[in-house]
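Below: one structure, written as structure tokens.
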Amino acid sequence: MCGRVTLVADREKVENYFEIPFEGWAGERYDQLFPLYNGAPTHYLPVLLQEEERKLDLLQWGLVPFWAKDRKIGYKLINASVETVAEKPSFRNAFKKRRCLIAVDGYYEWVLKNGKKVPFRIVPEDGSLFALCGLSESWTDPKSGKELRTFTIVTMPAADSISHLHHRMPFAILPGDFENWLQGELSEKDLQKLTDEAAVRFSKAYRVSTEVNAVRNNHEGLLKPVEEESSGPLFDQ
DNA sequence: CCAGACGTTGTT
DNA sequence: GTCTGG
DNA sequence: CCAGACGTTGTT
DNA sequence: GTCTGG
């Protein structure tokens, strides 16, 4: 699945990738929030939105549907399965009207080894960005009256190249398909075609420090590859 | 009718 | 808001 | 996703 | 065990 990400790219790289500048406030904010070595649910990430116009903005991870009584549900809705996203009550409205793309340049997966959670970082083979398919929502807090803008990341079955880490992965597409995801009619067949072409299959993975487990850690060292432990049969369960 | 859920993942 | 379950 | 809290009262 | 917070 996809529950922790990195975004190290500078603002210009993201703007160039999506061919659009950030909304006014988001541009300066970007420079404060990134590089992000340990991005978690509730954090802000760059999101390409297709409203009346196309916009590049910063939204918070963890979808809060407009009907929610409080924002807690967002802790659960960090991923949406592509197989069911069109039907689920929490997602179907956003799937119809508010599909979006999230920019990251890596994400983390954990593998249980000898009872320890060992993190790996998955990156695009060409070192560019991932554009992750997502859904966005806008929710108004009934207590404060403040608007909260959130998103969820769509997942799909893992590609062979990373299936040894997990059986799910984020649904990532290349620029040629951005238009289809954002504005297309998206019949089941179209969606199938998009998932078949999902770019993330061209990704590679490497082990990183368990420092990444704690969200409070956020420094360049988290990206550094860590040697695989030479655990012989003696250490295996 | 009203009440309660609305999600994914991994593990048992 | 909308659907399911009771 | 993982880590960390999980509680109330009264006082500083 | 389960929920909240980041």
Side-chain angles (χ1 to χ4, degrees), chain A residues 1-7 29 32-45 58-98 102 104-123 130 132-143 148-158 162-172 195 200 203 205 207-219 222-223 226 237:
Chain A
M1 71 177 304
C2 185
R4 211 73 76 77
V5 302
T6 65
L7 184 56
R29 193 72 194 283
Q32 298 165 1
L33 297 173
F34 304 93
L36 181 63
Y37 305 99
N38 202 354
T42 71
H43 287 165
Y44 284 94
L45 289 172
L58 292 166
L59 274 66
Q60 288 180 271
W61 188 2
L63 191 103
V64 182
F66 70 99
W67 42 258
K69 289 183 188 70
D70 59 58
R71 62 166 298 167
K72 286 177 196 162
I73 193 171
Y75 293 118
K76 296 177 184 175
L77 306 184
I78 65 171
N79 289 139
S81 172
V82 72
E83 296 92 333
T84 57
V85 73
E87 282 82 37
K88 293 288 183 182
S90 294
F91 299 134
R92 59 192 171 200
N93 286 313
F95 179 74
K96 270 187 221 153
K97 299 172 188 170
R98 289 181 300 280
I102 300 101
V104 303
D105 48 24
Y107 66 96
Y108 297 109
E109 296 279 19
W110 279 262
V111 174
L112 211 55
K113 293 191 176 179
N114 303 320
K116 301 267 172 74
K117 288 174 179 174
V118 178
F120 289 78
R121 181 170 182 242
I122 296 93
V123 294
F130 282 132
L132 305 183
C133 294
L135 312 172
S136 74
E137 279 274 8
S138 188
W139 173 77
T140 303
D141 186 338
K143 285 177 188 145
L148 188 71
R149 302 173 69 213
T150 58
F151 67 87
T152 189
I153 292 173
V154 179
T155 64
M156 59 179 278
I162 54 169
S163 61
H164 59 290
L165 298 177
H166 256 313
H167 65 105
R168 306 288 296 177
M169 69 179 189
F171 176 15
T195 53
V200 86
S203 57
R207 185 168 170 174
V208 293
S209 164
T210 52
E211 272 191 275
V212 79
N213 294 20
V215 176
R216 64 174 175 274
N217 295 323
N218 179 32
H219 59 85
L222 301 184
L223 305 184
V226 166
Q237 275 280 323

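Every chain is numbered from 1 and lettered A, B, ... according to where its sequence line falls, protein lines coming before strand lines.
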Sugar-phosphate, base or nothing in reach of A:Phe66, heavy atoms under 4.0 Å: sugar-phosphate
Whole-Å C1' distance, B:dT11 and D:dC1: 16 Å
A:Gly106 to A:Phe130 - nearest heavy-atom pair and separation: N-CD1, 4.1 Å
Test side-chain contact (heavy atoms from CB on, under 4.5 Å) applied to A:Val215 - qualifying residues, sequence neighbours left out: A:Arg4, A:Ala40, A:His43
Pairwise side chain to side chain donor-acceptor pair (under 3.5 Å) hits with a residue in residues 75-88 of chain A, at least two apart: A:Ser81-A:Glu83, A:Ser81-A:Arg168, A:Glu83-A:Arg168
Results of ring-ring contact (aromatic ring centres under 6.0 Å, His included) for A:Phe34 - residues two or more places apart only: A:Tyr30
Any residue meeting side-chain contact (heavy atoms from CB on, under 4.5 Å) with A:His164, in chain and number order, not counting sequence neighbours: none
Residues which pass side-chain contact (heavy atoms from CB on, under 4.5 Å) with A:Lys97, listed by chain and number, not counting sequence neighbours: none
P gap between E:dT4 and B:dA5, integer Å: 13 Å
Non-hydrogen side-chain atoms of A:Asn93 and A:Arg98 separated by less than 4.5 Å: yes
Same-atom distance (C1') from B:dT9 to D:dC2, integer angstrom: 13 Å
B:dG4 versus D:dC6 - spacing of their P atoms, nearest Å: 27 Å
Touch class at under 4.0 angstrom, heavy-atom based, for A:Leu112 against every strand present: sugar-phosphate
Qualifying residues under salt bridge (charged side-chain N to carboxylate O under 4.0 Å, His left out), relative to A:Arg71, sequence neighbours excluded: none
Chain A contact limits on DNA chain C, taken 5' to 3' with a cut-off of 4.0 angstrom to heavy atoms: C:dG1 to C:dC3
Sugar-phosphate, base or nothing in reach of A:Tyr107, heavy atoms under 4.0 Å: nothing
Span of DNA chain D in contact with chain A (heavy atoms, under 4.0 Å): D:dC1 to D:dG4
Touch class at under 4.0 angstrom, heavy-atom based, for A:Ser81 against every strand present: sugar-phosphate
Sugar-phosphate, base or nothing in reach of A:Thr155, heavy atoms under 4.0 Å: sugar-phosphate
Intra- and inter-strand pairs of DNA chain B in dot-bracket (Watson-Crick or G-U wobble, both distances under 3.5 Å; | for another strand): ||||||......
With sequence neighbours excluded, residues passing side-chain contact (heavy atoms from CB on, under 4.5 Å) with A:Val123: A:Arg121, A:Lys204, A:Tyr206
Integer angstrom distance from the C1' of E:dT2 to that of B:dG7: 16 Å
Set of residues satisfying salt bridge (charged side-chain N to carboxylate O under 4.0 Å, His left out) with respect to A:Lys116, sequence neighbours excluded: none
Any residue meeting side-chain hydrogen bond (donor to acceptor under 3.5 Å, both in side chains) with A:Arg92, in chain and number order, not counting sequence neighbours: none
